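Here the structure comes first, spelled out in structure tokens, and everything after it is commentary.
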Amino acid sequence: MKGYDHKLIEKKWQKEWSKKNLYKTSENTDKLKCYVLDMFPYPSGEGLHVGHPKGYIATDIYSRYKKMTGYNVLHPMGWDAFGLPAENFAIKNKIQPRIAVEQNIKHFKEQLSLIGFNYDWEREINTTDPAYYRWTQWIFLKLHERGFAYESHEPINWCPTCQTGLANEDLEGNVCERCGTVVEKRPMRQWVLKITDYAERLLKDLEGLEWPESIKESQRNWIGRSEGALIKFPISNFQFSIEVFTTRPDTLFGATYLVLAPEHQLTQELFAGVTNQEEVKKYIEGVKKKTEIERTAEGKEKTGVELRGIKAINPANNKEIPIFIADYVLAHYGTGAIMAVPAHDERDFAFAKKFGLPVVEVISGGDIQKGAYTGGGILVHSGQFDGSKSEEAKKAITLFVGGEMKTTYKLRDWVFSRQRYWGEPIPIIHCEKCGVVPVPESDLPVTLPEVESYEPTGTGESPLADIASWVNTTCPKCSGEAKRETNTMPQWAGSSWYYLRYIDPHNDTALVDKEKEKYWSPVDMYVGGAEHATRHLIYARFWHKFLYDIGTVHYEEPFKRLQHVGLVIAEDGRKMSKRYGNVVNPDDVVATYGADTLRLYEMFMGPFDQSVAWNTESIIGARRFLEKVWRLKERIKNEESTIENKKLESLLHKTIKKVSEDIEGFKFNTAISSMMMFVNEVEKESEIPRTLYSTFLILLAPFAPHITEELWEMLGHDMSIHLEKWPQYDESKTRSDTATIAVQINGKVRDTFEISADADEDEVKTRALSLESVRKWTEGKEIKKFIYVKNKLVSIVV
RNA sequence: GCCGGAGUGGCGGAAUUGGUAUACGCGCACGACUCAAAAUCGUGUCUCGCAAGGGAUGUGGGUUCAAGUCCCACCUCCGGCACCA
């Protein structure tokens, strides 16, 4: 028998599978379905490194396994190709983004095909294809129609390097997530999506999802729900009041001043009552000049200015209290105004100390001489509420002053427009007469025009604004002269619904066929990086819920189960990056060791969701294992069809059980180790039952599809091993006839012995006590306790 | 500061959920085959000890016949949020 030649075998079978269209998705809806999805890649110019395929290998194994266990599986792949990286790559390399993307996709696809994935390429999608983004635009129109897309002129985050506005989700702290530049606040017209209307549902529905706790927690933090109250503070001698949001209405009696954010809009009439207008204006101007970091970097050092001449009235005790403007209060959260309770809030305490404001304790339990006490407790100095508990007082005091209970969220509306070329055009027309007019659905897609220069203008207009022939159009309503919206959608738009497109990839009359959607949705298993926790995974859930509300989809959540891939770190412990020159290319690993070895190694490295450093030395272990499997074939005993060797049969059933359970649980490392143990055991035999070997090959097939297919053919099968049924294990056969019992004396293992698995306690006790090593420890001593754990151990206390 | 996750040999990591800690793999050492090397196969490989035994799962306590696993206190690392009232 010739040696294991991975190059020959892998090429042969990849060709064969594609010729036979082995991985075409079946539309037979009688079977149970399983939708297995990868987060589709961004086809960058750098190509794949060995970290990229890790998740794809896992879904490949999982989907092959699901198919073999009888499911109808949908396992597609596509390209998320709009957005800044593609555009920047194109600018840098002086090439049209469309062409650059085409080239990159071709390269990615070639690299992926070497690894032997079972994608159904007939369902390949590309977010930059007009036939695709027509539906992205359609969703925007629907959002607009229902009031979930609106124009805003609020200051937003502007990245001076990327020269575009950004959403909150695109920042890391106050730095652009993509290029690391500090962002500025810039007022500009922009399209915003009302994701905040979905905050409560996005939060609540996390409960029912089989997602990693860490990702759910990130989303909870991001949504940032807090319960509190809205309370109005009247202004002395005016008809106005200032409303504040607080989570601690129980401390209302301790509110000794109010603070407004510098951006807070005071009415002119009220401002007229302020006696130190110049000072206030100067302070507000000063704050505006500061960048976001300067404001926060100053940290706890509080600044502010009092609005002299006007006073607020604490509605709980009718005392007059001063009003300040200070930049430690954020304009966009709550009402942009707070009641300050220095005795029970650290920030207010620091401010009060600096400005010499009174600190009134209203909750007992702390020492307000030393600092703010932020815990709960019994109310004091709170009039009729003295003696009640803070939890109960919250609602009572709110009602008492005529406030209302209110829930707020940190989540901000999604800034949805980008001043860049390479994105979906927003399907809106601006007409002087009719104002903002949505493009009629029948006119979709609004295609992205070819352009001479797609470099950003930096003026807050996208490069599209320069193409007069595209910009100038007629109003769909009045047929008068009108201009197209020149902002484009953010990178996250296309990826917020792509999983629905795979279900019905060529539909041009509806986003997705209702029947098909009903069958395939939701995604049963979704695999990708944890870095998408508070972006893609929130946006997609938002859009999905919206599509649910308008009746496009039948299920409220897009991704039922989610697994996240741990990163593959470079051998030097750093991130794999061209910059560090530590990138390992999967093509090279495939050439040297083969795709099956690469697949096995990546799954064997460690727990799937944990990041692990690549180790070139260790790859050989996976290859050796495959070599063993290959050589094992020579020892097959051909004639018989049942397994007579009881020990091997039991081992096989144990292995089937372990591998099946581990694939379900995404524990590929231990699945592989149990197969290694199986091979190590079987290797000791001079003759191997044929059935045993072929059953084992089926177990290995999802992990190493090429070598198993070749061996399968050598065993004389005509049909592909990947169409075989997954073997069933017999629970009774997974149990051995004998058990090894460990004997502990005072908690220490002193000896072990073999006993038949159905032996009763008396028998075990007799055997255990008769052991010489046990007698040595028990001689002349009283046995205080004897514990028997069935088929495991006995524990003797003397 | 709040929340979530983790800490086990030289290295990557196992441990049926309270039941023989270190499976599986890498590396290393020795041996076989070979003129030699590679590959392959075999043996060994937590630690102290000649042995009998003792000690080890970040640290210190506790519960239990029995703790990597449960409880309390602490240390370190990773991730999310953060002047969010």
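Computed from heavy atoms alone, side chains included, the values below leave out hydrogens, waters and symmetry copies. It should be emphasised that the depicted structure is a prediction, and the values quoted were computed from it without experimental measurement. Lettering of chains follows the sequences in order, A, B, ..., and the numbering in each one begins at 1.
Taking the C1' atoms as reference points, A38(B) lies 16 Å from A32(B), given to the whole Å. Remark: the separation of the P atoms in G5(B) and A85(B) is 22 Å, to the nearest Å. Going from the C1' atom of A23(B) to that of G13(B) covers 10 Å, rounded to whole Å. For the P atoms, the distance linking G10(B) with U63(B) amounts to 32 Å, nearest Å. Rounded to whole Å, the separation between the P atoms of G55(B) and G62(B) comes to 16 Å. Rounded to a whole angstrom, the distance from the P atom of U45(B) to that of G25(B) is 15 Å. The gap from the C1' atom of U16(B) to that of G4(B) amounts to 27 Å, rounded to the nearest Å. If you take atom P in A67(B) and the same atom in C74(B), they sit 24 Å apart, rounded to whole Å.
Within the structure, every side-chain polar atom (N or O) of Lys792(A) is placed at least 4.0 Å from both OP1 and OP2 of G19(B). At the phosphate of U16(B), neither OP1 nor OP2 sits under 4.0 Å from any side-chain N or O atom of Lys790(A). Between A85(B) and Tyr328(A), no contact under 4.0 Å exists linking OP1 or OP2 to a side-chain N or O. Residue Arg220(A) has no polar side-chain atom (N or O) positioned under 4.0 Å from OP1 or OP2 of C3(B). Remark: Arg623(A) is not in phosphate contact with A39(B), judged by side-chain N or O atoms under 4.0 Å from OP1 or OP2. In terms of phosphate contacts, Arg631(A) brings no side-chain nitrogen or oxygen within less than 4.0 Å of OP1 or OP2 of A39(B). Listed pair Asn669(A) / A23(B) fails the phosphate criterion, with no side-chain N or O lying under 4.0 Å from OP1 or OP2. Contact check, Thr534(A) against G80(B): no side-chain N or O comes under 4.0 Å of OP1 or OP2.
The CG-P distance, from Leu537(A) to G80(B), rounds to 14 Å in whole Å. As a whole-Å value, the separation of Ile672(A) CD1 from A14(B) C1' is 14 Å. Between Lys658(A) atom NZ and C24(B) atom P the separation is 13 Å, expressed in whole Å. Here the P atom of nucleotide G18(B) and the CD1 atom of Ile787(A) are 16 Å apart, to the nearest Å. What separates CE of Met603(A) from P of G25(B) is a distance of 19 Å, to the nearest Å. Here the P atom of nucleotide G80(B) and the CD atom of Glu213(A) are 16 Å apart, to the nearest Å. Atom C1' of nucleotide C11(B) and atom CZ of Phe604(A) are separated by 13 Å, given to the nearest angstrom.
Minimum heavy-atom separation, Val794(A) to Ala768(A): CG2-CB, 4.1 Å.
When ring centroids are compared, Phe324(A) and Phe351(A) come within the 6.0 Å threshold.
Donor-acceptor pairing under 3.5 Å, judged by distance alone, is present between the side chain of Ser795(A) and the base of C65(B). Interface remark: the Lys302(A) side chain does form a donor-acceptor pair with the C83(B) base, using a distance-only criterion of under 3.5 Å.
For U17(B), the glycosidic angle deviates from 0 by 90° or less, giving a syn base.
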